[in-house]
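Working notes, structure below.
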Amino acid sequence: MNGYRTTADEAVIIELNPRGNPMLLEENLARSRMHDAEVFAEQQRVAHRLVVARRWRRLAGWAQRRALLKARAV
């Protein structure tokens with residue numbers, strides 16, 4: 001067996017990857033979905049970091065205002 005698909009499977013083969021191996025439609029679709037999932041996960045991480053940074057900035061501002069009020073009261 002030469003490693004290539006039979007003639008019945010050739011309708012499913014859509015392209016050759018750079019190494020010359022036949023890439024099936026399902027493999028290409030799976031790679032595309034995995035790439036989309038990785039991009040979405042990276043966007044979610046960036047959004048989460050932004051939310052956390054805003055939360056800490058808000059908390060730091062509140063702590064600073066509270067410290068100033070306490071310092072004035074003394």
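Worth saying up front: this structure is predicted, and the values here are computed from it rather than measured.
- A donor-acceptor pair under 3.5 Å is absent between the side-chain atoms of E42 and the main chain of V39, judged by distance alone.
- The distance from atom CD of E27 to atom CE of M34, rounded to the nearest 0.5 Å, is 11.0 Å.
- For the atom pair CZ (R31) and CG (D36), the distance works out to 14.0 Å, reported to the nearest 0.5 Å.
- Under the side chain to side chain contact (heavy atoms under 4.5 Å, CB included) criterion, L50 pairs with R54, sequence neighbours left out.
- Linking Ile, Leu, Val, Met, Phe, Trp and Tyr whenever their side-chain heavy atoms come within less than 4.5 Å puts W62 and V52 in one cluster.
- Remark: E26 CD to N28 CG distance equals 10.0 Å, nearest 0.5 Å.
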